[in-house]
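Quick note: numbers below take in every heavy atom, side chains included, and nothing from hydrogens, waters or symmetry partners. A quick note: this is a predicted structure, and the numbers were derived from the prediction, not measured. Residue numbering restarts at 1 for every chain, and letters A, B, ... go by the order of the sequence lines.
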There are 2 protein chains.
Amino acid sequence: MAETRWLDEREERAWRGLMAMQDGLTEFLDRRLRTRCGLSGADFEVLAHLSEAPDGCLRPFVLGRSLGWEKSRLSQHLGRMERRGLVSRDRCPTDQRGAVVTITPHGRELVEAAAPRHVADVREAVVDHLTPEELETLAAVSDTVRARLAALDERRAEP
Amino acid sequence: MAETRWLDEREERAWRGLMAMQDGLTEFLDRRLRTRCGLSGADFEVLAHLSEAPDGCLRPFVLGRSLGWEKSRLSQHLGRMERRGLVSRDRCPTDQRGAVVTITPHGRELVEAAAPRHVADVREAVVDHLTPEELETLAAVSDTVRARLAALDERRAEP
């Protein structure tokens with residue numbers, strides 16, 4: 001193994017900061033959603049993506065890619081959401097190529113009730129406190145990192 | 001409730017991007033650590049913080065704040081790590097004020113073996129692909145958001 005290049009001070013500050021921000025944010029948003037709306041943060045993310053899709057349905061592969069989730073995690077989580085009546089897994093009227101995940105009327109009701117409160121939480125904790133330039137940079141960084149992760153994942157999938 | 005201010009396009013792109021990046025990163029790093037080092041991402045974060053502290057020990061409050069974790073999550077996770085012999089919870093030789101968490105020799109061995117690989121993963125997925133300006137902005141955004149979360153948490157703690 002090549003000699004280790006440890007993080008320098010700037011890299012360390014950015015990296016540790018990102019990790020702590022993400023843990024803190026996940027907990028904050030999850031707690032707010034659970035106590036006020038009866039949904040976890042993960043439930044909300046899934047329902048929000050589905051509710052915006054045509055006919056409220058998406059192929060699992062597409063949903064997983066948008067969420068940044070692995071197949072096994074997505075599949076387990078969708079199973080739990082299906083048992084709670086939030087989504088169904090079946091055929092989509094406009095896509096005959098395979099199984100799709102569809103939001104149920106109950107799931108749509110919950111996510112529509114939760115969305116205004118969730119966006120207020122997101123503004124209160126993050127969005128309203130960042131400059132336009134910081135928002136642009138966050139989006140660009142996220143694009144870069146997601147492209148890297150996709151490349152690393154493809155390399156892993158090779159025989 | 002006030003009228004909802006939905007996210008505009010720039011805000012939405014930054015926010016969705018951050019969420020997807022964080023989910024993707026967590027899974028990638030966790031998978032790498034588990035398969036190569038027998039530690040979860042959460043184990044690694046705890047051990048890394050402890051291993052850098054004087055005498056390898058920290059008060060739980062301080063550790064939780066650095067990690068961005070809630071008290072109950074930290075306590076449960078430390079219990080599991082204690083049963084696996086990675087940390088102990090006891091008195092610290094240099095801090096008589098209360099219980100502290102200490103890294104065990106076994107925990108130190110594992111985190112020292114994992115660290116060079118982990119830093120290589122962090123470079124491969126993130127740090128080596130961002131500009132110095134992007135790293136600075138990430139650190140600043142993280143400081144802003146963590147200060148907001150701390151303020152919101154204090155407000156919640158008020159009677």
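Interface remark: B:Trp69 contributes backbone and side-chain atoms alike to the contact with chain A (heavy atom separation under 4.5 Å). For B:Arg146, the part lying near chain A is the side chain, with the backbone staying farther off; criterion is any non-hydrogen pair under 4.5 Å. Contact of B:Val145 with chain A is made through backbone and side chain together, with heavy-atom distances under 4.5 Å. Only the side chain of A:Leu149 comes within less than 4.5 Å of a heavy atom in chain B; its backbone stays farther off. Heavy-atom distances place no part of B:Ala151 under 4.5 Å from chain A, backbone and side chain included. Contacts of A:Ala147 with chain B are absent, with no heavy-atom separation under 4.5 Å from either backbone or side chain. Only the side chain of B:Arg123 comes within less than 4.5 Å of a heavy atom of chain A; its backbone N, CA, C and O stay farther away.
No donor-acceptor distance shorter than 3.5 angstrom exists from the side chain of B:Arg36 to the backbone of B:Ala114, with no hydrogens or angles considered.
Here CZ of B:Arg148 is found 14.5 Å from CE of A:Met21. Values are rounded to the nearest 0.5 Å. For the atom pair CD of B:Gln22 and CG of A:Asp23, the computed distance is 8.0 Å after rounding to the nearest 0.5 Å. Separation of atoms SG (A:Cys37) and CG (A:Asp121) is listed at 8.0 Å; rounding is to 0.5 Å. Note that the OG atom of B:Ser40 and the CZ atom of B:Arg34 stand 5.0 Å from one another [nearest 0.5 Å]. Atom-to-atom distance recorded for A:Trp15:CH2 and B:Ser142:OG is 11.5 Å, nearest 0.5 angstrom. Remark: B:Leu50 CG to B:Leu78 CG distance equals 7.5 Å, nearest 0.5 Å.
Among the candidates A:Thr144, A:Val141, A:Leu138, A:Val127, the residue making the largest number of heavy-atom pairs closer than 4.5 Å to chain B is A:Val141. Heavy-atom pairs under 4.5 Å with chain B peak, among A:Arg13, A:Arg65, A:Arg10, at A:Arg10. Highest contact tally toward chain A, considering only B:Met19, B:Arg16, B:His49, is held by B:Arg16 [criterion: heavy-atom pairs under 4.5 Å].
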### Task
Could you walk me through whether A:Asp43 and A:Arg80 pass the salt bridge (charged side-chain N to carboxylate O under 4.0 Å, His left out) test, one step at a time?
CA-CA 10 Å; A:Asp43 297 337; A:Arg80 287 193 293 270; over 6 Å; no

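Each of A:Val87, A:Thr104, A:Asp90 was compared with A:Glu82 under the side-chain contact (heavy atoms from CB on, under 4.5 Å) criterion, and only A:Val87 meets it.
The two atoms that bring B:Cys57 and B:Ala53 nearest to each other are O-CB, 3.5 Å, heavy atoms only. Nearest approach of A:Ala99 to A:Pro60, heavy atoms of both residues: O-CD, 3.4 Å.
Using a 4.5 Å heavy-atom threshold, the side chains of B:Leu47 and B:Ile103 count as touching. Within the 4.5 Å cutoff, no side-chain heavy atoms of B:Val46 are placed close to those of B:Leu86.
When the heavy atoms of residues 24-33 of chain B are compared with those of chain A, the residues falling under 4.5 Å are B:Gly24, B:Leu25, B:Thr26, B:Glu27, B:Phe28, B:Leu29, B:Arg31, B:Arg32, listed by number. Proximity to chain A at a heavy-atom threshold of 4.5 Å picks out B:Asp128, B:His129, B:Leu130, B:Pro132, B:Glu134, B:Leu135, B:Glu136, B:Thr137 from residues 128-137 of chain B, in numerical order.
Salt-bridge formation is not detected for the pair B:Arg73/B:Glu45: no Lys NZ or Arg NE/NH1/NH2 atom is positioned less than 4.0 Å from an Asp or Glu carboxylate oxygen.
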